[in-house]
Amino acid sequence: MAGTFDVVVVGGGPGGYVAALRAAQLGARTAIVEKDRMGGTCLVRGCIPTKALLQSSELYTQAREGAAFGVVADHLAFDWAAAQKRKTSVVDQLVKGVDGLLKAGGVTAFKGSARLAGKGVVDVGGEQIQAKDIVIATGSAVARIPLPGAELTIDSDQILELKEIPRRLAVIGGGVVGMEFAAMFAALGSKVTVLEMLPQVLAMVDADLVAVYTKHLARLGGEVHTDSKVSEIAKQDGALQVRFSTGGEGGAVDADQVLLAVGRVPYTQGLGAEEAGVKLERGRVVVDDHLHTSADGVWAIGDVIGGIMLAHVASYEGVCAVENIAGQGNRIPDYRAAPNCIYTDPEIAHVGLGEKEAREKGIAVKIGRFPFAAAGRALTLGQTEGFVKVVADAESGKLLGAHIVGPRATDLIAEATLAVQNGLTLEQIDLTIHAHPTLPESLMEAALAAQGRAIHIPNRKNPPLPTGEQSEGAVSASSSGLSRRVGERGVATEPSKITNRETNMAAPVKTSSPPPTPSAIDPKSLELKKENRDFLLGLHRQMQLIRRFEERAQEQYTKAKIGGYCHLNIGEEATVVGGILALKANDWIFTSYREHGHAIARGVDPKAVMAELFGKETGTSHGRGGSMHLVDYSRRFMGGYGIVGGHLPLAVGGAWAVKYRKQPDVIFCMFGDGATNIGAFHESLNMAKVFDLPVVWFCVNNRYGMGTPVEKASAVADIYKKACAYDMESIQIDGMNVREVLLRTSEIVEKTRKDSVPRFIESLCYRFRGHSVVDPDKYRSNEDKEKWRKADPIVAFEHELEKEGLADEEYFKNLRQEIDAEIRDVIEFADSSPDPNVADLYKYTYAGQWDNRPELRTDRV
Ligand code: FAD
């Protein structure tokens with residue numbers, strides 16, 4: 001017996017040697033067997049030699065283009081032999097490094113070909129090694145296909161040893177290996193032709209990224225034939241000819257060398273795997289979730305098990321397997337965030353879900369893109385081709401995938417990988433300070449772009465919807481007239497972020513202007529805990545934003561900037577924010593004329609709301625409605641109806657439409673207590689109940705209908721009881737507590753969504769100012785107002801947040817300053833916006849807008 005070990009690893013590639021080192025770290029007596037050189041395919045014939053040569057070709061390209069940078073090189077030439085020599089020395093150094101690491105780590109290395117020779121026994125050239133556990137890490141080998149003339153081709157091992165650069169290179173296979181060599185030799189002056197059977201080279205990469213690479217290749221004289229099947233390779237006039245057919249038409253390419261790069265296959269030759277009870281399936285070793293094979297005490301990792309055949313995945317699996325062996329955890333590999341890097345020119349890297357893949361899985365996504373042409377660092381490098389694209393879950397904002405084509409994409413992907421792996425959101429990325437000027441800033445900008453807040457490019461025409469099943473396509477299809485015009489002027493559609501001091505904060509502060517997007521509303525998600533902090537602070541910010549908006553609107557009214565009435569909701573913020581955020585993107589809101597806060601809570605741009613109050617063309621209704629007509633179809637916000645209670649029958653009509661179309665949407669009808677005294681209220685409730693319509697009636701009871709206290713205006717002061725007359729489930733909630741409003745409203749809304757039965761909510765709050773700016777508010781005492789002031793919903797929520805250490809006074813102060821600045825911008829925007837064109841006065845009424853905007857007639861937002 002040549003030795004007895006706890007763990008014997010067969011194969012010294014990045015899977016095997018990393019597994020061996022980790023096993024030794026865990027205290028296992030460990031041996032590794034390698035028949036060739038330590039480092040495996042990766043170090044000897046794969047990742048490292050190719051990247052060393054690619055570095056030479058990149059430098060050559062840069063030197064050729066150096067004049068513009070002031071680097072003038074006469075008689076520039078490429079010395080292939082020198083590049084090869086450097087490549088060899090890089091490989092040698094790394095192989096030596098691995099040998100040294102194994103030695104230092106206490107791993108015993110055996111040189112030779114290993115064979116499984118019975119339970120717990122490995123045979124190496126006739127010598128037997130005993131092992132409690134064996135890890136198969138024998139990697140992969142070049143795949144071959146039965147193609148006439150295949151013997152005339154070279155593979156990825158042989159191309160690395162070429163003595164000269166081929167004048168013409170044909171590459172059969174558009175996978176990663178083929179494309180990296182194509183990029184390299186095209187840069188070195190070869191005439192490269194790629195032949196790929198599929199409709200796209202790099203089939204696993206999003207098409208928009210691939211297009212950047214193939215365009216670059218074409219500029220170097222390269223050709224790509226997709227949907228092309230090679231039939232044979234033949235000798236022709238002292239060179240080679242590759243014959244192929246594309247859609248039934250024959251073609252031929254002459255070449256000096258033909259690279260056959262049709263993939264790799266798991267390698268188990270001479271291992272005696274099946275004899276030892278290790279199940280193989282089409283050549284790959286079959287493993288369970290924990291990387292254990294069908295044979296007792298035998299594990300397998302890396303290329304030999306198939307799946308994602310990449311060096312870092314092999315290493316990751318190696319660590320998982322030996323930690324399972326050592327009983328250190330119960331590790332099941334998680335491949336959601338396995339990055340894939342392609343060292344073409346420009347480089348490509350991606351991680352997580354692609355745009356198409358996510359949509360195919362039925363996930364509604366937000367997409368953000370940022371071109372390197374807009375990145376300062378890319379410009380200084382002179383490498384502006386390509387872009388960063390992020391794919392995020394529309395509802396939670398979590399990053400699902402990132403896709404980069406451009407300079408150092410393969411390095412840039414690291415940050416996105418960390419984010420995908422850890423479920424970080426777009427906001428968490430953009431709240432992280434990125435150094436300037438650097439390429440990673442582009443990821444931050446793409447994350448901002450996905451939220452309609454990019455700084456260094458104009459934003460998409462419309463910011464994302466507040467909640468629910470929204471996709472990028474849908475956003476653009478339903479953009480409001482206002483946002484379109486704002487976008488055209490290049491004004492950011494969302495205001496700037498808060499600059500807060502983070503000293504005592506446990507986590508970054510949520511600072512975005514759009515309302516926060518709850519992923520699910522349940523008691524747990526609203527607990528005052530650190531994990532809910534961003535969302536809770538988002539709620540608080542939204543309330544504060546609405547309040548400041550109204551306070552400033554009041555001032556603008558007194559300056560005669562706002563005509564007609566200007567109604568105020570001050571004090572009702574918890575009711576408004578909690579009520580509206582309980583809805584999904586496809587639910588409809590019917591509300592009355594006092595709805596500026598309602599619109600903002602629904603995600604309508606405050607600039608558009610203020611501009612509407614100012615009667616400007618950039619307002620939500622092109623300045624035609626003022627405070628009486630705030631509507632935004634894209635958010636299903638059917639706001640503004642000038643007659644008290646006049647919109648309740650409209651809500652019934654909306655509910656009929658939803659029911660008729662069998663849509664899972666809820667109609668949310670908001671009104672004040674005054675509206676509950678008129679006939680339309682009773683007719684609407686009755687109708688909704690008789691026909692089982694999916695309406696949630698939401699009464700914002702601020703205790704004063706115009707100037708009359710509720711108890712004086714109505715025989716039944718508890719308004720929720722009025723709904724009982726219609727046999728309707730009806731609740732009364734504390735409208736000064738945003739968490740309660742959100743939770744209880746969400747429960748009711750979801751019930752109604754399920755059974756299409758109307759329900760009623762009375763949210764008890766208190767308005768601190770008069771009903772409108774012109775209301776002298778003489779009908780109630782200062783003591784009454786003062787008493788209620790103590791229950792201010794914003795202050796009360798701030799106390800709760802502070803008590804639980806989720807925010808502090810400094811934070812609130814900074815937030816107030818930041819919101820002040822935002823509202824200043826909002827007013828400036830409204831002030832400087834144009835008046836409506838008199839000739840267009842009859843345009844953009846509801847019906848006209850409908851006629852002119854066919855996209856609004858689509859079924860779903
Ligand atoms: P290998 O690295 O293949 O190692 C297996 C080892 O086992 C070999 O050294 C072999 O000699 C030894 N062995 C086999 N059988 C026996 C036996 N019976 N006894 C003893 N020893 C045995 N991946 C990336 O992540 N990034 C890249 O940029 C990249 N570039 C690549 C470029 C090329 C041209 C190629 C071909 C591959 C590239 N790869 C790249 C893939 C990467 O090299 C592999 O995924 C990785 O090497 C797999 O590691 P492994 O440990 O599973 O197997």
Side-chain angles (χ1 to χ4, degrees), residues 8-20 31-55 87 91 94-95 98 109-117 122-125 129 134-143 154-161 171 173 175-184 259-273 276 278 284-285 291 300-319 321 338-344 347-349 410 413:
V8 170
V9 180
V10 180
Y17 84 75
V18 170
I32 186 165
V33 190
E34 170 56 56
K35 68 183 168 89
D36 190 354
R37 297 177 78 192
M38 283 300 174
T41 305
C42 174
L43 260 61
V44 183
R45 300 173 291 280
C47 326
I48 297 301
T50 51
K51 270 83 243 180
L53 287 175
L54 275 159
Q55 186 57 35
K87 168 206 82 180
V91 169
L94 281 169
V95 169
V98 173
F110 290 89
K111 173 125 188 142
S113 200
R115 186 174 57 81
L116 306 182
V122 175
D123 179 289
V124 186
I129 313 173
I134 297 166
V135 180
I136 301 174
T138 48
S140 61
V142 167
I154 51 174
D155 61 25
S156 64
D157 295 351
Q158 292 158 322
I159 199 169
L160 286 169
E161 305 306 327
V171 179
V176 175
V177 170
M179 290 309 88
E180 288 186 358
F181 282 118
M184 178 169 90
L259 171 67
L260 188 62
V262 289
R264 294 182 66 83
V265 288
Y267 179 82
T268 52
Q269 223 174 300
L271 186 66
V278 174
R284 76 176 186 100
V285 174
L291 302 167
I301 58 163
D303 281 10
V304 76
I305 64 169
I308 308 172
M309 290 163 96
L310 291 172
H312 41 280
V313 173
S315 302
Y316 169 78
E317 289 169 344
V319 171
N340 190 7
C341 297
I342 306 164
Y343 296 76
T344 43
E347 291 183 352
I348 298 174
T410 58
I413 203 68

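Here the structure is a predicted model, which is why all the values come from computation and not from measurement. Each ligand, and each atom within it, is numbered from 1 in the order the structure gives. Throughout, numbering of the chain's residues begins at 1 and tracks the sequence. Only this structure's heavy atoms are used, side chains among them; waters, hydrogens and symmetry mates stay out.
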Problem - Side chains of Asp36 and Glu34 in contact at under 4.5 Å (non-hydrogen atoms) - result: yes

Completion exercise
re atom 25 (O) of ligand 1, the protein heavy-atom contact at minimum distance is Ala311 N, 2.8 Å

Practice task
Answer whether the closest heavy-atom distance between the side chains of Thr138 and Val285 falls below 4.5 Å.
Solution key: no

Exercise for the section: Would you confirm whether Glu161, through its side chain, and Gln158, through its main-chain N or O, come within 3.5 Å as a donor-acceptor pair? Expected result: no

Practice task
Please test Leu160 against Phe181 for side-chain contact (heavy atoms from CB on, under 4.5 Å), starting from the C-alpha separation and ending with a verdict.
Solution key: CA-CA 9 Å; Leu160 286 169; Phe181 282 118; 4.0 Å; yes

Handout entry: Pairwise side-chain contact, Ile32 with Tyr17, heavy-atom cut-off 4.5 Å (strictly under)
Key = yes

Problem - Identity and distance of the protein heavy atom lying nearest atom 13 (N) of ligand 1 - result: Lys35 CE, 3.9 Å

Practice task
Can you pull out the closest protein heavy atom to atom 37 (C) of ligand 1? Residue, atom name and distance to 0.1 Å, please.
Solution key: Gly46 CA, 4.0 Å

Completion exercise
Counting from 1 in the order shown, the ligand 1 atoms closer than 4.0 Å to a non-hydrogen atom of Tyr343 are 28 (O)

Problem - Option set Ala300, Cys341, Cys42, Gly302, criterion heavy-atom distance to atom 47 (O) of ligand 1, minimum - result: Cys42

Handout entry: Close approach of Val33 to ligand 1, heavy atoms, under 4.0 angstrom
Key = yes

Problem - Proximity to ligand 1 by part of Val10, non-hydrogen separation under 4.0 Å - result: side chain

Completion exercise
With heavy atoms and a 4.0 Å threshold, my read on which part of Ala314 contacts ligand 1 is side chain

Handout entry: Closest approach of any protein heavy atom to atom 26 (N) of ligand 1, naming residue and atom
Key = Cys47 SG, 3.7 Å

Completion exercise
Within 4.0 Å of some non-hydrogen atom of Arg45, the atoms of ligand 1 are 34 (C)

Completion exercise
Honestly, for Arg115 the part within reach of ligand 1 (heavy atoms, under 4.0 Å) is neither

Handout entry: For atom 2 (O) of ligand 1, the protein heavy atom that lies nearest, with its residue and separation
Key = Thr41 N, 2.9 Å

Problem - Nearest-contact summary for atom 36 (C) of ligand 1 - protein heavy atom, Å - result: Arg264 NH1, 3.2 Å

Problem - Whether Arg264 side chain and Ser140 backbone form a donor-acceptor pair below 3.5 Å - result: yes

Handout entry: Ligand-residue contact atoms, ligand 1 with Gly40, heavy atoms, under 4.0 Å
Key = 2 (O), 4 (O), 8 (C), 9 (O)

Problem - Proximity to ligand 1 by part of Glu34, non-hydrogen separation under 4.0 Å - result: both

Fill in the blank from the handout: In this structure, CG of Leu43 is separated from CD1 of Ile48 (nearest 0.5 Å) by 5.5 Å

Exercise for the section: Compute the shortest N/O to N/O distance between Ala114 and ligand 1 and return yes if it is under 3.5 Å, no if not. Expected result: yes

Handout entry: Donor-acceptor contact below 3.5 Å, side chain Ser315 vs main chain Pro14
Key = yes

Problem - Per-atom contacts of ligand 1 with Gly139, taking only distances under 4.0 Å to non-hydrogen atoms - result: 1 (P), 3 (O), 5 (C), 52 (O), 53 (O)

Problem - Contact check, side chains of Gln55 and Lys87, non-hydrogen atoms, under 4.5 Å - result: no

Practice task
Using non-hydrogen atoms of the residue, decide whether Ser113 is closer than 4.0 angstrom to ligand 1.
Solution key: yes

Exercise for the section: Using a strict 4.0 Å cut-off to heavy atoms of Leu310, name the atoms of ligand 1 that fall inside it. Expected result: 23 (N), 24 (C), 25 (O), 45 (O)

Handout entry: Which of the ligand 1 atoms, numbered from 1, are nearer than 4.0 Å to a heavy atom of Lys51
Key = 27 (C), 28 (O), 29 (C), 30 (N)

Completion exercise
Note: Ser140, heavy atoms under 4.0 Å from ligand 1, region reported as backbone

Fill in the blank from the handout: Numbered in order shown, the ligand 1 atoms found under 4.0 Å of a heavy atom of Ala137 are 5 (C), 6 (C), 7 (O)

Handout entry: Which residue and heavy atom of the protein sit nearest atom 41 (C) of ligand 1, plus the separation
Key = Met309 O, 4.0 Å

Fill in the blank from the handout: Quick note on ligand 1: atoms under 4.0 Å from a heavy atom of Gly112 include exactly 19 (N), 20 (C)

Handout entry: Option of least heavy-atom distance to atom 44 (C) of ligand 1 (set: Leu43, Asp303, Val176)
Key = Asp303

Exercise for the section: State, with a plain yes or no, whether a side-chain heavy atom of Val10 is found less than 4.5 Å away from one of Phe110. Expected result: no

Practice task
Report yes if some heavy atom in the side chain of Val142 is under 4.5 Å from a heavy atom in the side chain of Val177; otherwise report no.
Solution key: no

Exercise for the section: Report yes if some heavy atom in the side chain of Glu347 is under 4.5 Å from a heavy atom in the side chain of Leu54; otherwise report no. Expected result: no

Problem - Protein contact of atom 15 (N) of ligand 1 - nearest heavy atom, named by residue and atom, plus distance - result: Thr138 CG2, 3.3 Å

